[in-house]
Amino acid sequence: MSTLQIDGVAKQYGNRTVLHDITLDLASGEFLSLLGPSGCGKTTLLRIIAGFEQPEHGQVRVDGRDITALPANQRQLGMVFQAYSLFPNMTAADNVRFGLRVRKINAAEQKRRVDTMLDLVGLSAHADKYPHQLSGGQQQRVALARALAIQPALLLLDEPLSALDAKVRVQLREEIRRIQRETGITTVFVTHDQEEALSISDRVAVMFEGRMVQVGTPAAIYQEPAHAFVAQFIGISSRLPARVIDAEQGQIAVLGQHLVAPRARGLAPQDALHLYLRPEDVQVHALNGSTPPGAVLQGTVRETTFFGAVTRLRVELDSGERLLSDLPTSAAQHLPIGSRVHIGWQADAMRLLPAQEQP
Amino acid sequence: MSRRRTSGTADAGRHIPWSGAVLLLVVGLYFALPLIATGVFSFWEGGTRYGPSAYISLVHQDALWESLWLSLRLALETIGLSLLVLVPAVFWMHLRVPRLKSLFDFISVLPFVVPPIVLVAGLTALFHGPDWFVGTPNYLVAPYVILALPYTYRALDVGMRALDLRTLTEASHSLGAGWGLFILRVLLPNLASALAGAALLTIAIVMGEFTFANVLLFNTFAVYINYIGQTSATEAAALTLLSFVITWLAMLGVLLSGRGKGQAQLGGAR
């Protein structure tokens with residue numbers, strides 16, 4: 001098991017900077033996902049770690065050893081690619097054996113490791129099949145076995161599930177996590193799929209426009225977004241304009257209403273903010289003369305979307321802003337389109353971020 | 001009902017309409033008749049006698065075998081030099097500078113637009129070198145590489161386009177392999193069909209090439225066929241057929257090699 005340190009790595013293509021001063025530490029045995037939209041620099045960063053790209057600045061260290069200038073074939077890192085990368089002229093077993101033959105490991109040990117790895121990925125019965133005789137999911141499993149067979153210091157996964165259909169993707173991501181836990185290998189997983197990243201990672205590093213905007217546990221990334229991009233990219237949020245009224249007491253103004261927001265304490269007075277609310281945190285009640293406790297704003301239900309146990313309401317506030325609310329379907333049945341409603345939320349459901357931090 | 005219709009459609013797809021059959025027959029005769037006539041003529045021994053005397057006579061001519069071996073040797077040398085130059089060049093173009101593909105395409109068709117007689121005149125004026133090269137049939141390898149360029153390049157280009165070279169290269173490097181190991185263990189085996197195609201097309205071209213060899217005064221197989229044609233008509237017909245068979249075998253090899261296991265089939269094929 002190895003550690004990885006990325007220290008101030010920057011990369012440019014011509015005049016375009018694709019990575020800005022990236023610093024990241026991975027503990028031994030950790031599973032970290034690099035998450036972000038296309039073009040955010042996550043694959044470039046992975047390729048720099050793998051040795052396929054050279055950074056303009058910064059260092060990559062494995063177990064404290066600087067490998068920045070080391071060629072890819074001397075880094076002892078296993079990699080699974082987005083595209084199917086098995087050698088078409090070799091069987092599954094020969095593909096797994098390739099890295100071992102390169103290292104001139106003796107035949108008996110080669111056979112033992114090939115058998116172990118194919119067994120680990122559940123493909124022992126397919127050892128003699130050529131890549132074109134395997135499904136996409138099986139090919140990626142073999143690629144994983146091939147990467148692990150060389151007992152690499154790190155495992156690098158470059159969107160290995162993106163070419164697979166949804167069902168296989170879920171199965172294989174769980175399998176990747178199981179194998180990673182069993183082998184204890186330090187892993188960097190690149191994905192643009194937040195569900196994938198949140199479900200299998202120890203930590204998630206969210207990237208945006210070449211910057212690492214937040215690194216944290218999946219729960220922290222979801223519940224405590226530290227950047228406007230994270231708040232909007234991870235899960236679904238509604239955004240409302242807000243302003244700090246009393247930083248000491250933690251008071252903010254939202255669409256003319258003064259609210260107590262513990263997270264506003266310490267912010268500068270008059271700071272323009274954005275208030276983010278998850279649909280599951282937004283409570284909606286029919287407007288029937290009495291004001292329920294916690295109600296803040298009023299609006300009209302404009303759209304309902306049925307998701308089975310939950311129904312999502314799109315509510316247009318009287319001020320013109322829009323909010324999403326997820327209600328149990330049984331409760332949402334009483335709020336058809338056009339219903340006038342009270343809207344409220346718990347104080348700790350509010351995530352506040354500076355308004356100038358636009359994604 | 002729908003099954004019957006589907007079945008009927010499939011049957012109709014297999015059935016060749018009479019107009020097509022007539023066209024095929026006419027085209028077939030256009031190709032076959034000269035060959036049949038040449039074959040019949042090659043067995044003519046004068047008057048109404050037919051026999052294998054032309055073939056027997058040819059078999060006993062040392063000059064024929066010398067010219068045949070010379071052409072085969074030149075074909076092998078041409079294949080070797082072509083692949084040595086083109087495999088790395090086309091690989092590098094696909095991997096690192098795909099924007100140069102149109103330039104490669106352009107250069108590869110130049111031998112089609114420059115007549116061989118112009119090429120040979122240019123070669124004679126331009127090439128000066130040691131006697132072992134310029135003074136021997138080895139000199140022919142240079143123009144033959146150029147002559148075979150369109151076919152060799154196309155075969156390699158198609159073969160490499162079928163592979164995800166970048167991913168395969170990086171996968172190989174990530175497993176610890178250097179360039180040499182990658183080329184030997186991954187690239188060349190996956191290009192087997194393309195290499196075989198390029199080689200067999202080159203054999204077909206070199207075996208039939210006349211202009212360069214004749215002008216540069218080398219006695220290759222094609223030059224010998226021409227010589228025999230001027231001295232013995234039936235033996236020339238027999239040699240023409242022999243040459244045709246060699247070319248056909250090479251072409252058949254190209255077709256068969258494209259169907260082999262070595263043909264690259266990347267993921268998701270199932």
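Chain identifiers are assigned alphabetically (A, B, ...) following the order of the sequence lines, protein sequences preceding nucleic acid strands; residue numbering begins at 1 within each chain. Note that these values count all heavy atoms, side chains included, but never hydrogens, waters or copies made by symmetry.
Both the backbone and the side chain of Arg146(A) have a heavy atom closer than 4.5 Å to some heavy atom of chain B. Only the backbone of Leu77(A) comes within contact range of chain B, with heavy atoms under 4.5 Å apart. Heavy atoms of Ser172(B) lying under 4.5 Å from chain A belong to its backbone as well as its side chain. Within the 4.5 angstrom heavy-atom criterion, no atom of Ala50(A) approaches chain B. Residue contact with chain B, scored on non-hydrogen atoms closer than 4.5 Å, is absent for Arg75(A). The part of Arg166(B) that comes within reach of chain A is its side chain, from C-beta onward, which places non-hydrogen atoms under 4.5 angstrom from that chain.
Within a 6.0 Å radius of CZ in Arg203(A), more than 12 heavy atoms belonging to other residues, nucleotides or ligands are found. Heavy-atom contacts from other residues, nucleotides or ligands closer than 6.0 Å to CZ of Phe106(B) number 12 or fewer. By the 6.0 Å contact criterion, CZ on Phe31(B) is open, its count of non-hydrogen atoms from other residues, nucleotides or ligands being 12 or less. Surrounding CZ of Arg178(A) are more than 12 heavy atoms belonging to other residues, nucleotides or ligands, all under 6.0 Å away. Atom CH2 of Trp179(B) has more than 12 neighbouring heavy atoms from other residues, nucleotides or ligands inside a 6.0 Å radius. Within a 6.0 Å sphere centred on NZ of Lys101(B), heavy atoms belonging to other residues, nucleotides or ligands number more than 12. Summarising the local packing, CH2 of Trp92(B) is surrounded by more than 12 heavy atoms from other residues, nucleotides or ligands at distances under 6.0 Å.
Val102(A) approaches Gly176(B) most closely through the heavy-atom pair CG1-O, 3.3 Å.
You'll find the side chain of Asn89(A) reaches within 4.5 Å of the side chain of Asn190(B), heavy atoms only. Two residues are said to be in side-chain contact when any heavy atoms from C-beta on lie closer than 4.5 Å; Leu163(B) and Pro88(A) meet this criterion.
Here CZ of Phe182(B) is found 8.5 Å from CZ of Phe98(A). Values are rounded to the nearest 0.5 Å. To the nearest 0.5 Å, atom CZ of residue Arg185(B) and atom CG of residue Asp94(A) are 10.0 Å apart.
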Task: Steps toward side-chain contact (heavy atoms from CB on, under 4.5 Å) verdict (Leu168(B), Phe81(A)) - done: CA-CA 10 Å; Leu168(B) 292 180; Phe81(A) 297 82; over 6 Å; no
TODO: Report the C-alpha distance between Phe52(A) and His173(B) in whole Å, list the side-chain angles of each, state the deciding distance to 0.1 Å, and finish with yes or no for side-chain contact (heavy atoms from CB on, under 4.5 Å).
DONE: CA-CA 9 Å; Phe52(A) 300 132; His173(B) 287 338; 4.1 Å; yes
TODO: With side-chain contact (heavy atoms from CB on, under 4.5 Å) as the test, would you mind laying out the steps for Met79(A) and Leu175(B) before giving the verdict?
DONE: CA-CA 8 Å; Met79(A) 185 151 175; Leu175(B) 293 165; over 6 Å; no
TODO: Starting from the C-alpha separation in whole Å, work towards a yes-or-no answer on side-chain contact (heavy atoms from CB on, under 4.5 Å) for Tyr84(A) and Thr167(B).
DONE: CA-CA 8 Å; Tyr84(A) 300 122; Thr167(B) 304; over 6 Å; no
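Taking Ala143(A), Gly137(A), Ser85(A), Ala163(A) one by one and counting their heavy-atom pairs under 4.5 Å with chain B, the maximum is reached by Ser85(A).
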